[in-house]
Amino acid sequence: MRKPHKLLPNYLLLYRHTRPCTSTAANPVPAASAVLRDLDLLDAGELAPTPRVYHSFITACTQSKNLEDARKIHAHLASSRFAGDAFLDNSLIHLYCKCGSVLEARKVFDGMRRKDMVSWTSLIAGYAQNDMPAVAIRLLPGMLKGRFRPNGFTFASLLKAAGAYADSGIGRQIHALAVKCDWHEDVYVGSALLDMYARCGKMDMATAVFDKLDSKNGVSWNALISGFARKGDGETALMTFAEMLRNGFEATHFTYSSVFSSIARLGALEQGKWVHAHVIKSRQKLTAFVGNTLLDMYAKSGSMIDARKVFDRMDNKDPVTWNTMLTAFAQYGLGKEAVSHFEEMRKSGVYLNQITFLCILTACSHGGLVKEGKRYFEMMKEYDLEPEIDHYVTVVALLGRAGFLNYALVFIFKMPMEPTAAVWGALLAACRMHKNAKVGQFAADHVFELDPDDSGPPVLLYNIYASTGQWDAAARVRRMMKTTGVKKEPACSWVEMENSVHMFVANDDTHPRAEEIYKMWGEISKKIRKEGYVPDMDYVLLRVDDQEREANLQYHSEKLALAFALIEMPAGATIRIMKNIRICGDCHSAFKYISKVFGREIVVRDTNRFHHFSSGSCSCGDYW
């Protein structure tokens with residue numbers, strides 16, 4: 001039996017529950033367990049029960065987020081004379097929401113005899129924080145009907161919910177109410193408004209709110225930068241980041257993550273290195289959150305060496321880290337390296353999810369590893385993972401690219417779900433590779449039916465017919481495209497140089513140094529022809545004579561970008577080129593010769609993957 005002692009002073013109890021919880025030999029018990037021991041003290045009459053004491057219990061439990069302890073505190077409070085106390089009930093609502101049990105928070109709320117503004121705000125915030133934005137917003141009419149006036153915390157939570165709901169219409173109504181209640185100029189509400197519009201893709205409104213803020217903080221700057229990043233406007237995100245630094249605000253992990261994501265889309269390696277240097281100078285620890293986006297940035301900017309360095313130097317790798325590195329191997333066509341990396345993940349006990357298997361299947365597809373790809377697809381069952389439509393698309397691409405078009409068809413027919421346009425599109429792309437017009441037409445018919453607005457499939461079908469010399473059929477497809485208003489996306493390539501981007505289209509004469517660029521390409525062409533390069537006429541899909549066909553090949557956008565890079569960049573520097581569609585097969589052949597003749601590393605990023613040319617060969621192994 002415990003020895004009775006005097007009642008503990010409440011200020012000592014508060015100190016005991018609010019001090020940082022540390023686990024040492026002298027104090028191995030977490031704060032939440034200490035709270036439960038003190039409940040026993042209340043029952044034994046050794047501790048004086050007061051609202052302040054119960055609140056200290058709730059505060060300690062909120063920090064630990066232990067739902068079972070929360071229920072015990074609630075049950076004890078419900079049997080005390082303080083049951084129904086509005087202050088404590090509001091604290092319980094907040095506690096349950098922090099523990100992830102909004103349902104129990106709602107029960108406390110519904111059972112309150114007298115609700116106040118804190119009650120409504122706590123529950124709205126709880127729904128918003130627990131990914132239930134629609135329910136959070138539905139509470140607003142009831143709150144207003146009860147003649148409660150929203151405060152800054154209420155508006156911040158409502159706007160967070162509207163942003164997650166991605167409904168700018170609702171967001172605008174909440175914005176109007178904030179103006180009516182004179183909260184719109186508050187820096188926290190303003191930041192929430194900005195974030196809401198950014199998440200809804202309304203960057204013009206987000207910028208307008210930002211510009212009107214009298215006092216900006218790190219949250220408002222981060223919301224604006226992340227908004228531009230999500231919208232895909234990387235250049236503006238970078239400019240906003242630079243402006244943020246000029247205004248004396250320090251970048252956080254959230255800032256760096258958004259900026260690296262923007263640079264990854266742009267493929268702007270030099271800008272990425274500059275931001276990485278800024279991270280190092282700030283002496284912030286490289287967390288997995290930032291490290292993953294940094295790794296992805298280097299991989300998508302054409303520097304696998306730097307991506308691998310980041311991966312190797314990260315102390316705390318999470319599944320996203322491993323998956324990002326696996327994706328990089330897949331994008332570069334490094335199938336064997338991807339398989340080795342995947343097996344290392346399995347041995348290391350890394351959690352394998354749907355994304356992991358999609359990455360390894362993509363790597364096998366790009367690397368022509370049919371046997372391995374089929375094995376990994378079947379392996380998903382061992383991990384209790386059900387293949388999704390993207391996995392099926394990738395397996396169709398795996399089989400089709402390897403030339404097993406009939407097997408790919410059988411695989412599609414045996415799918416447990418209805419094939420989508422993406423599934424048939426993968427088969428159609430494989431038919432383009434192998435010039436199989438019969439199966440290609442069959443696949444195209446399904447794509448046209450399922451996704452008639454996609455411009456890609458008609459172009460692929462036209463290319464199949466044109467490459468096999470079936471000009472009448474190709475003309476028929478061209479007429480269909482004209483009738484339906486389908487237009488082929490113009491090809492363009494660009495190269496980053498000294499913080500500026502130079503863009504080119506085929507036969508481009510708009511560049512200030514066009515004459516010099518064309519002259520350079522003429523010299524390049526002569527040198528690589530001596531080494532054995534022969535223009536591949538199969539990639540001119542026009543019904544013209546051989547002379548015109550060869551002339552048509554010479555000035556593709558990626559060739560002009562490469563010629564300009566060879567003029568401007570110092571000897572030995574790696575050349576990185578981006579292209580908005582797939583690289584041309586003839587250009588691919590020419591770039592291999594150029595990498596050998598000029599002794600250059602050339603990295604080309606197109607819509608599908610990376611091609612790393614070096615010493616006369618490509619990382620894809622010509623399997624693309």
Side-chain angles (χ1 to χ4, degrees), residues 8 10-11 13-21 29-45 47-140 142-143 145-146 148-158 160-161:
L8 289 174
N10 286 342
Y11 71 86
L13 182 69
L14 283 170
Y15 168 75
R16 177 174 166 182
H17 291 318
T18 55
R19 66 186 177 183
C21 175
V29 184
S33 296
V35 169
L36 296 182
R37 288 205 314 273
D38 287 335
L39 287 177
D40 292 339
L41 293 177
L42 282 175
D43 291 336
L47 187 64
T50 65
R52 194 177 182 188
V53 168
Y54 277 111
H55 185 254
S56 72
F57 294 165
I58 293 171
T59 300
C61 193
T62 301
Q63 292 172 354
S64 68
K65 298 181 181 179
N66 188 312
L67 182 58
E68 285 305 312
D69 288 354
R71 287 168 177 159
K72 289 174 183 176
I73 294 170
H74 185 190
H76 200 284
L77 177 60
S79 62
S80 75
R81 68 176 185 271
F82 302 112
D85 180 273
F87 172 72
L88 293 176
D89 281 347
N90 289 339
S91 299
L92 281 173
I93 292 171
H94 178 66
L95 169 60
Y96 276 128
C97 290
K98 285 294 182 182
C99 292
S101 182
V102 192
L103 180 64
E104 288 172 276
R106 184 62 184 259
K107 287 180 181 177
V108 174
F109 178 83
D110 290 339
M112 291 178 69
R113 291 189 297 273
R114 295 180 62 185
K115 301 176 181 68
D116 57 19
M117 194 62 239
V118 177
S119 317
W120 286 97
T121 298
S122 297
L123 191 60
I124 288 171
Y127 279 122
Q129 290 163 4
N130 285 276
D131 299 323
M132 301 174 72
V135 187
I137 291 167
R138 284 202 297 269
L139 285 172
L140 179 59
M143 185 188 72
K145 190 176 180 180
F148 291 104
R149 188 180 179 86
N151 58 30
F153 295 107
T154 319
F155 280 118
S157 297
L158 285 168
K160 177 183 173 67

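What you see is a predicted model; the values in this text were computed from it and never measured. Note: hydrogens, waters and symmetry copies are ignored here, and every other heavy atom, side chains too, is used.
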| said: I want to know whether His74 and Tyr96 have ring centres closer than 6.0 Å. | reply: yes

| query | Are the side chains of Ser122 and Val118 in touch, meaning some heavy atoms are under 4.5 Å apart? | reply | yes

| Distance from Asp89 atom CG to Arg114 atom CZ, nearest 0.5 Å? | 12.5 Å

| remark: Nearest heavy-atom approach of Val102 to Gly126 is CG2-O, 4.1 Å

| Heavy-atom pair of closest approach, residues Cys61 and Leu95 | C-CD1, 3.7 Å

| query | Under 4.5 Å between any side-chain heavy atoms of Lys98 and Gln63, yes or no? | reply | no

| task | Please report the closest heavy-atom contact between Met143 and Pro150, naming both atoms and the distance. | result | CE-CG, 3.4 Å

| request: Please tell me if the side chains of Pro49 and Arg81 come closer than 4.5 Å, counting only heavy atoms from C-beta onward. | output: yes

| request: Answer yes or no: are there more than 12 heavy-atom neighbours, outside Lys160 itself, under 6.0 Å from its atom NZ? | output: no

| field | Whether Trp120 and Phe109 hold their rings parallel, tilted or perpendicular, with breakpoints at 30° and 60° | value | perpendicular

| query | What closest approach, in Å, do Ala136 and Leu158 show between heavy atoms, and which atom pair accounts for it? | reply | O-CD2, 3.9 Å

| field | Met112 side chain near Asn90 side chain, heavy-atom distance below 4.5 Å | value | yes

| field | Greater than 12 external heavy atoms within 6.0 Å of Phe153's CZ | value | no

| query | Can any side-chain N or O of Asn130 pair as donor or acceptor with the backbone N or O of Cys97 at less than 3.5 Å? | reply | yes

| query | How long is the gap from CZ on Arg138 to CE on Met132, to the nearest 0.5 Å? | reply | 8.5 Å

| field | Arg106 side chain reached by Leu139 side chain, heavy atoms, under 4.5 Å | value | yes

| Once you round to the nearest 0.5 Å, how far does CG of Leu92 lie from CZ of Phe87? | 10.5 Å

| task | Give, for atom CG of Leu67 and atom OG of Ser101, the distance between the pair rounded to the nearest 0.5 Å. | result | 5.0 Å

| field | Set of residues satisfying salt bridge (charged side-chain N to carboxylate O under 4.0 Å, His left out) with respect to Arg71, sequence neighbours excluded | value | Glu68, Glu104

| request: List the atom of Asp85, the atom of Leu88, and the distance in Å for their closest heavy-atom pair. | output: OD1-N, 2.9 Å

| message | If we check side-chain contact (heavy atoms from CB on, under 4.5 Å) with Ser119, which of these qualifies: Leu123, Asp116, Thr121? | response | Asp116

| request: Kindly give the heavy-atom pair with the smallest separation between Ala78 and Ala83, and that separation in Å. | output: O-CB, 3.4 Å

